[in-house]
Amino acid sequence: MAVLNRLLRSTTSAANLTSYLRRGFATTVATDSPQTGSFTPSLTFKKDPQDRNVQWIFLGCPGVGKGTYASRLSKLLGVPHIATGDLVREELSSSGPLASTLAEIVNQGKLVSDELIIKLLSKRLEMGEAAGESGFILDGFPRTINQAEILDEVTDIDLVVNLKLREDVIVAKCLGRRICSECGKNFNVAHIDVKEENGSPGMYMAPLLPPDHCATKMVTRADDTEEVVKKRLQIYNEMSQPVEEFYRNRGKLMDFDLPGGIPESWPKLLHVLNLEQPESRRSAAA
């Protein structure tokens with residue numbers, strides 16, 4: 001609580017986040033005491049996907065594929081996928097007051113500050129509350145120990161999935177990322193074929209090529225240069241260890257080493273999560 005109080009005193013955005021989190025997650029993780037009206041978190045781990053209100057976090061360095069797998073699980077479980085990276089990109093593409101500040105930070109490969117992330121997440125949670133959302137999969141938050149401690153004060157996280165992938169593959173993936181400037185869909189032109197060597201397993205990832213109508217409209221993210229990608233990875237590795245330990249000490253962290261691309265990794269991820277994709281959705285998700 002001391003950390004939360006300190007952050008609340010230092011920024012009104014943190015206060016807004018706490019307020020939105022408490023209201024937005026109240027239907028699934030909290031009850032109000034009739035005697036005091038105080039907020040009392042209660043653990044509600046949902047192992048059955050039919051319950052459809054899991055409260056999960058996806059961790060992993062930039063480019064590892066958090067958004068891909070969190071989005072698939074979001075559709076499978078029927079809960080919102082809230083990605084702070086998407087929130088940042090949406091703000092960058094707008095004429096909002098934070099756009100210019102964020103552009104400078106992102107183009108330099110730096111991590112967005114707690115205060116800015118909290119402002120964006122607060123706005124997103126308020127919208128979700130109005131839409132009656134229940135449960136969530138957070139992607140890219142928390143990224144710092146301060147963010148993790150704030151979140152821990154206001155809700156119970158059921159599971160933290162920590163995606164891991166060798167660094168040379170991540171760099172290649174990031175440099176191969178492309179976005180269709182017309183429809184906004186993501187593709188990847190990298191063809192990754194790492195051979196087994198000195199006991200290290202090989203890895204194959206086929207490119208995710210665009211359809212013909214998108215092929216001539218491909219653009220590269222401004223921050224997807226080798227220098228910026230490696231700097232992002234360095235910063236992330238330095239800051240992620242405390243967050244991983246925070247959840248590991250609470251028995252909620254699950255490390256998952258990606259064995260390859262989506263065809264290899266997706267079924268294995270479902271298996272370790274004790275989930276089974278409905279037959280009717282397998283072809284659509286492949």
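Everything quoted here is computed from the prediction, not taken from an experiment.
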Pair [X] + [Y]: basic N to acidic O under 4.0 Å:
X: K123; Y: E126; answer: no
X: E226; Y: K230; answer: yes
X: D224; Y: R232; answer: yes
X: E91; Y: R124; answer: no

Does anything in [range] pair up under ring-ring contact (aromatic ring centres under 6.0 Å, His included), and if so which pairs, sequence neighbours excluded?
range: residues 211-257; result: none
range: residues 58-110; result: none
range: residues 153-193; result: H191-Y204

How long is the gap from [atom1] on [X] to [atom2] on [Y], to the nearest 0.5 Å?
X: L138; Y: I82; atom1: CG; atom2: CD1; result: 5.5 Å
X: I150; Y: T155; atom1: CD1; atom2: OG1; result: 13.5 Å
X: I170; Y: L165; atom1: CD1; atom2: CG; result: 4.5 Å
X: S113; Y: N146; atom1: OG; atom2: CG; result: 11.5 Å
X: L209; Y: C214; atom1: CG; atom2: SG; result: 12.0 Å
X: E244; Y: D255; atom1: CD; atom2: CG; result: 6.5 Å

With side chains defined as the heavy atoms from C-beta onward, is the minimum distance between [X] and [Y] less than 4.5 Å?
X: I137; Y: R72; answer: no
X: L59; Y: L253; answer: yes
X: C180; Y: M218; answer: yes
X: M203; Y: V169; answer: yes
X: I117; Y: L87; answer: no
X: L275; Y: L73; answer: yes
X: I262; Y: L208; answer: no

Checking S71 against K75 for the side-chain contact (heavy atoms from CB on, under 4.5 Å) test, could you report, in this order, the C-alpha distance in whole Å, the side-chain angles of both residues, the deciding distance, and whether it holds? CA-CA 6 Å; S71 177; K75 294 174 182 176; 4.0 Å; yes

Exercise: identify the closest heavy-atom pair between [X] and [Y]:
X: P80; Y: S74; value: C-OG, 3.8 Å
X: P62; Y: C174; value: O-SG, 3.8 Å
X: G135; Y: V79; value: C-CB, 4.1 Å
X: L92; Y: A103; value: CD2-N, 3.2 Å
X: T225; Y: L175; value: C-CD2, 3.7 Å
X: P142; Y: V243; value: O-CG1, 4.0 Å

How about CG on D212, more than 12 heavy atoms from neighbouring residues, nucleotides or ligands closer than 6.0 Å, or not?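 Atom CG in D212 is not crowded, with 12 or fewer foreign heavy atoms closer than 6.0 Å.
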
Donor-acceptor pair, [X] side chain versus [Y] backbone, under 3.5 Å?
X: S122; Y: I118; answer: yes
X: K252; Y: I157; answer: yes
X: K66; Y: G60; answer: yes
X: T220; Y: R178; answer: no

Show your working on side-chain contact (heavy atoms from CB on, under 4.5 Å) between E227 and K231 and close with a plain yes or no. CA-CA 6 Å; E227 180 182 0; K231 185 174 183 179; 5.7 Å; no

Listing request: all salt bridge (charged side-chain N to carboxylate O under 4.0 Å, His left out) pairs with a residue in residues 188-204, at least two apart in sequence or in separate chains.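 Sorted pair list: D193-K195.
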
Per the salt bridge (charged side-chain N to carboxylate O under 4.0 Å, His left out) rule, what does the pair list look like for residues 164-176, sequence neighbours excluded?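 Matches after skipping sequence neighbours: R166-D168.
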
Audit row: V112, T84, side-chain contact (heavy atoms from CB on, under 4.5 Å) steps and yes/no: CA-CA 10 Å; V112 180; T84 53; over 6 Å; no

Could you go through L159 and L273, starting from their C-alpha distance and side-chain angles, then the distance that decides it, and tell me whether this counts as side-chain contact (heavy atoms from CB on, under 4.5 Å)? CA-CA 10 Å; L159 178 68; L273 292 173; 3.4 Å; yes

Pairs meeting criterion side chain to side chain donor-acceptor pair (under 3.5 Å) with involvement of residues 180-189, two or more places apart: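 Listed once each, the pairs would be none.
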
